[in-house]
Amino acid sequence: KRLISLCVGCGNQIHDQYILRVSPDLEWHAACLKCAECNQYLDETCTCFVRDGKTYCKRDYIRLYGIKCAKCSIGFSKNDFVMRARAKVYHIECFRCVACSRQLIPGDEFALREDGLFCRADHDVVERASLGGGDPLSP
């Protein structure tokens, strides 16, 4: 005895010859499985992503939910080299001090502050200024 399959998209029974199965247990009519953003049909020839109950083509899923550079907000390609600072990810060319624009490379000391990345020298200047900015010769 065949189990009754219900389409996640429209809620109706699936009597079609083929059932598209997404994730382990979500079943769809071929005509109902579309990208929630661009309405492209999603089938065995197209990678399908599910988030919060909505289905997306790869392009839209990456655009909406993919990791983006903390500086320029542009996504990464699979060939991009990246720099990481805590939970933030940067393109190599975006990993620069916000004060002097010097590109920071592996091994450089830097500070990640709310207002951006700082090289060690500029971070020290900002810290001294925020501690009072009094006479620089006083202890």
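Side chains are part of it too, since the values below use all heavy atoms of this structure and drop only hydrogens, waters and symmetry mates.
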| task | Determine the minimum heavy-atom distance between G9 and C32, stating which atoms define it. | result | CA-CB, 4.4 Å
| So do H29 and C10 actually touch side chain to side chain, heavy atoms under 4.5 Å? | yes
| So does E37 pair up with R63, basic N to acidic O under 4.0 Å? | yes
| request: Run through R102, R96, R120 and flag the one making a salt bridge (Lys or Arg N to Asp or Glu O under 4.0 Å) with D108. | output: R102
| Is the number of heavy atoms from other residues, nucleotides or ligands under 6.0 Å of K71 NZ greater than 12? | no
| query | Is there a donor-acceptor pair closer than 3.5 Å between any side-chain N or O of Q103 and the backbone N or O of I92? | reply | yes
| R113 bridged to E127 by N-O distance under 4.0 Å | yes
| request: Salt-bridge test for K54 and D52: reply yes if a basic N is under 4.0 Å from a carboxylate O, no otherwise. | output: no
| field | Aromatic plane relationship, Y56 with Y61 - under 30° parallel, 30 to 60° tilted, over 60° perpendicular | value | tilted
| message | Under 4.5 Å between side-chain heavy atoms, counting indirect links through other Ile/Leu/Val/Met/Phe/Trp/Tyr residues: same cluster for L42 and L26 or not? | response | yes
| How about I74 and H91: do any of their side-chain heavy atoms sit closer than 4.5 Å? | yes
| task | Answer yes or no for R51 and Y65: cation-pi contact, defined as NZ/CZ to six-membered ring centre under 6.0 Å and angle to ring axis within 45°. | result | yes
| request: Could you tell me whether the side chain of C57 reaches within less than 4.5 Å of the side chain of C48, counting heavy atoms only? | output: no
| task | Quick one: do H123 and F110 satisfy ring-ring contact (aromatic ring centres under 6.0 Å, His included)? Show the steps, please. | result | CA-CA 8 Å; H123 176 257; F110 65 90; over 10 Å; no
| Looking at SG of C119 and CG of D124, how far apart are the two atoms once the value is rounded to the nearest 0.5 Å? | 8.5 Å
| message | Rounded at 0.5 Å granularity, tell me how far CG in N12 sits from SG in C7. | response | 7.5 Å
| message | Has T55 got a side-chain atom pairing as donor or acceptor with K34's backbone, closer than 3.5 angstrom? | response | yes
| Just how far is it from atom CZ of F49 to atom SG of C35, taken to the nearest 0.5 Å? | 11.0 Å
| said: Quick one about S77 and N79 (side-chain donor to acceptor, distance below 3.5 Å, no hydrogens or angles considered), yes or no? | reply: no
| Which pair of non-hydrogen atoms, one from D43 and one from L20, has the smallest distance, and what is that distance? | CA-CD1, 4.4 Å
